[in-house]
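See below for the structure under consideration.
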Amino acid sequence: MIRVGVLGARGRVGVEVCKAVHAADDMELVAAIDQGDPIEGLTAAEVVVDFTHPDAVMGNLRWCIEHGVHPVVGTTGFDDERLGQVRGWLADNPRTNVLICPNFAIGAVLMMHFAQQAARFFDSVEIIELHHPNKADAPSGTARRTAELVGQARAKAGLGPSPDATSTALDGARGTEVEAVRVHSVRLAGLIAHQEVLLGTGGETLTLRHDTTSRASFTPGVLLGVRRIRELPGLTVGLEHLLDL
Ligand SMILES: NC(=O)C1=CN([C@@H]2O[C@H](COP(=O)(O)OP(=O)(O)OC[C@H]3O[C@@H](n4cnc5c(N)ncnc54)[C@H](OP(=O)(O)O)[C@@H]3O)[C@@H](O)[C@H]2O)C=CC1
Ligand SMILES: O=C(O)C1=N[C@H](C(=O)O)C[C@H](O)C1
């Protein structure tokens with residue numbers, strides 16, 4: 001039995017994760033921690049799943065790494081600086097492993113993978129992510145990661161920035177830029193999590209779209225991460241590394 005703790009246990013995703021861990025034959029839910037609960041409650045856990053808040057996740061990660069508990073992280077808000085800090089903590093605590101996944105839904109991971117594969121064939125690419133209005137970070141972790149993967153694939157193929165003759169624009173009209181890829185964020189009541197990657201070239205466009213219709217969609221990926229984290233040394237970013245793509 002894998003002893004699992006959940007951080008953010010009363011949150012939108014945390015509730016689903018607790019249910020899934022509880023239902024798994026090979027896991028025991030030993031701690032369900034949320035805002036205001038002492039983090040020391042995680043001491044009995046071997047693996048901790050974190051779905052909290054970008055402002056909280058670094059402190060949680062540091063505690064887990066220093067206490068030899070393997071974190072499986074869904075919380076977003078990671079950039080190169082934060083990942084560098086995690087690598088630094090791991091260098092001082094080499095017995096701990098960390099898995100950080102901007103998106104645990106299998107379809108979303110495939111969308112990112114397909115976008116990366118398609119990128120070199122198209123002159124233009126833009127990303128639109130659409131989420132519920134309670135989301136803290138923009139752009140989403142998934143959109144950031146997609147833009148990084150697509151931007152790197154374009155650079156490798158020798159492609160420059162997407163063509164764009166805009167010479168005058170209101171602030172924000174063209175979104176933001178990640179690795180030279182334009183990213184647009186929509187926040188709308190009624191949505192959960194959605195993303196389109198728009199690719200275009202002479203006479204044709206390709207649209208890759210993923211829709212999250214239930215937060216239960218994140219749990220198979222989370223359970224896979226919990227099962228595999230002990231054999232993944234150091235820092236792993238992205239569920240794609242566990243999917244044999
Ligand atoms: N990787 C993925 O597949 C996915 C990632 N996410 C990400 O996961 C994160 C959480 O999303 P979501 O569940 O919608 O958010 P919620 O706000 O619904 O849940 C977060 C929970 O964590 C609690 N919390 C905040 N700080 C701490 C802390 N230091 N210790 C323990 N608990 C804490 C919050 O309490 P309180 O509200 O009282 O502050 C809340 O109950 C976000 O960053 C989101 O982007 C979401 C979906 C999928
Ligand atoms: O906050 C959310 O809801 C989600 N966050 C993740 C992100 O920022 O990409 C994953 C998914 O989009 C849901």
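What you are looking at is a predicted structure, and each value in this text was computed from that prediction instead of being measured. Position 1 is the first residue of the sequence; numbering continues from there. Remember, it's 1-based here, ligands and their atoms both numbered in the order they're listed.
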Check your understanding: Which of these, Gln152, Arg144, Arg145, sits in a side chain to side chain donor-acceptor pair (under 3.5 Å) with Glu148?
Key ->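 Among Gln152, Arg144, Arg145, the one meeting side chain to side chain donor-acceptor pair (under 3.5 Å) with Glu148 is Arg145.
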
Review point. With only distance considered, is Gly141 within less than 3.5 Å of ligand 2 through an N or O on each side?
Key: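 There is such a contact, yes.
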
Review point. When only distance counts, is Arg215 in polar contact with ligand 2, meaning an N/O pair under 3.5 Å?
Key: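 No: no nitrogen or oxygen of Arg215 is under 3.5 Å from one in ligand 2.
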
Exercise for review: If a pair satisfies side chain to side chain donor-acceptor pair (under 3.5 Å) and one of its residues is in residues 83-110, list it, with sequence neighbours excluded.
Suggested key: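 The answer is Asn103-Thr142.
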
Under a single-linkage definition using a 4.5 Å side-chain heavy-atom cutoff for Ile, Leu, Val, Met, Phe, Trp and Tyr, are [X] and [Y] assigned to the same hydrophobic cluster?
X	Y	answer
Val226	Ile33	no
Val15	Leu7	no
Val30	Val21	no
Val178	Leu198	no
Leu232	Val237	no

Under a 4.0 Å heavy-atom limit, does [X] contact ligand 1 with its side chain, its backbone, both, or neither?
X	result
Pro102	backbone
Ala108	neither
Phe218	side chain

Which residue owns the protein heavy atom closest to [atom], what's the atom, and how far is it?
atom	answer
atom 3 (O) of ligand 2	His132 NE2, 2.9 Å
atom 34 (C) of ligand 1	Asp34 OD1, 3.6 Å
atom 5 (C) of ligand 1	Gly74 O, 3.0 Å
atom 4 (C) of ligand 1	Phe51 CE2, 3.4 Å
atom 10 (C) of ligand 2	Pro102 O, 3.4 Å
atom 44 (C) of ligand 1	Thr76 OG1, 3.8 Å
atom 5 (N) of ligand 2	Lys135 NZ, 3.2 Å
atom 19 (O) of ligand 1	Gly11 CA, 3.2 Å
atom 22 (O) of ligand 1	Gly8 CA, 3.3 Å

Check your understanding: Looking at Thr76, which atoms of ligand 2 are within less than 4.0 Å of one of its heavy atoms?
Key ->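 It comes down to these atoms of ligand 2: 6 (C), 7 (C), 8 (O).
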
Check your understanding: Of all the atoms in ligand 2, which lie at a distance below 4.0 Å from a heavy atom belonging to Asn103?
Key ->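 Selected atoms, number and element: 10 (C), 11 (C), 12 (O).
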
**Study point:** Salt-bridge criterion met for Arg209 and Glu196 (N-O under 4.0 Å)
**Key:**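 So Arg209 pairs with Glu196 through a salt bridge.
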
Practice item. Please assess His131 against Leu191 for the test side-chain contact (heavy atoms from CB on, under 4.5 Å), listing each intermediate value before the final yes or no. Key: CA-CA 6 Å; His131 279 81; Leu191 296 182; 5.9 Å; no

Exercise for review: Rounded to the nearest 0.5 Å, what's the gap from CG on Leu61 to CH2 on Trp63? Could you check?
Suggested key: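 Interatomic distance, Leu61 CG to Trp63 CH2, rounded to 0.5 Å: 12.0 Å.
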
**Study point:** Approximate separation, where rounding is to 0.5 Å, of Leu130 CG and Gln195 CD
**Key:**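 With rounding to 0.5 Å, CG (Leu130) is 9.0 Å from CD (Gln195).
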
Exercise for review: Mind running side-chain contact (heavy atoms from CB on, under 4.5 Å) on Leu239 and Ile106 for me, showing each step along the way?
Suggested key: CA-CA 8 Å; Leu239 195 70; Ile106 307 299; 4.0 Å; yes

Practice item. Find all atoms of ligand 1 within a distance of less than 4.0 Å from any non-hydrogen atom belonging to Lys135, and give their numbers and elements. Key: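 Close to Lys135: 45 (O).
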
Point to revise | Which of the ligand 1 atoms, numbered from 1, are nearer than 4.0 Å to a heavy atom of Asn103 | key: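 Listed by number with element: 1 (N), 2 (C), 3 (O).
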
Review point. Would a search of protein heavy atoms around atom 29 (N) of ligand 1 find one under 4.0 Å away?
Key: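 Yes.
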
Practice item. Please work out which of Val13, Val17, Leu239, Thr52 has its closest non-hydrogen atom nearest to atom 9 (C) of ligand 1. Key: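 Looking at heavy atoms only, the winner is Thr52.
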
Review point. With respect to atom 17 (O) of ligand 1, which of Arg12, Arg10, Arg145 exhibits the smallest heavy-atom separation?
Key: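 When every heavy atom of Arg12, Arg10, Arg145 is considered, Arg12 comes closest to atom 17 (O) of ligand 1.
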
Using a plain distance cutoff, I'd like to know if [X] has any nitrogen or oxygen under 3.5 Å from a nitrogen or oxygen of ligand 1.
X	answer
His132	no
Gln35	yes
Ala56	no
Pro54	no
Phe104	yes

Exercise for review: Could you please spell out the steps behind the side-chain contact (heavy atoms from CB on, under 4.5 Å) verdict for Leu199 and Leu208?
Suggested key: CA-CA 8 Å; Leu199 300 129; Leu208 302 170; 4.2 Å; yes

Practice item. May I ask you to check whether Asp50 and Thr52 show a side-chain donor-acceptor distance below 3.5 Å? Key: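 There is such a pair between these side chains.
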
Practice item. For Asp164 and Ser162, test the side chains for any donor-to-acceptor distance below 3.5 angstrom and give the result as yes or no. Key: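 Short answer, no.
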
Please state which part of [X] comes within less than 4.0 Å of ligand 2, counting heavy atoms only: side chain, backbone, both or neither.
X	answer
Thr142	both
Ala193	side chain
His131	side chain

Check your understanding: Of the non-hydrogen atoms in Phe104 and Phe51, which two are nearest, and what is the gap between them?
Key ->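 So the two residues come closest at CD1-CZ, 3.7 Å.
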
Check your understanding: Please walk me through it: do Leu83 and Ile100 pass side-chain contact (heavy atoms from CB on, under 4.5 Å)?
Key -> CA-CA 9 Å; Leu83 293 175; Ile100 298 175; 3.8 Å; yes

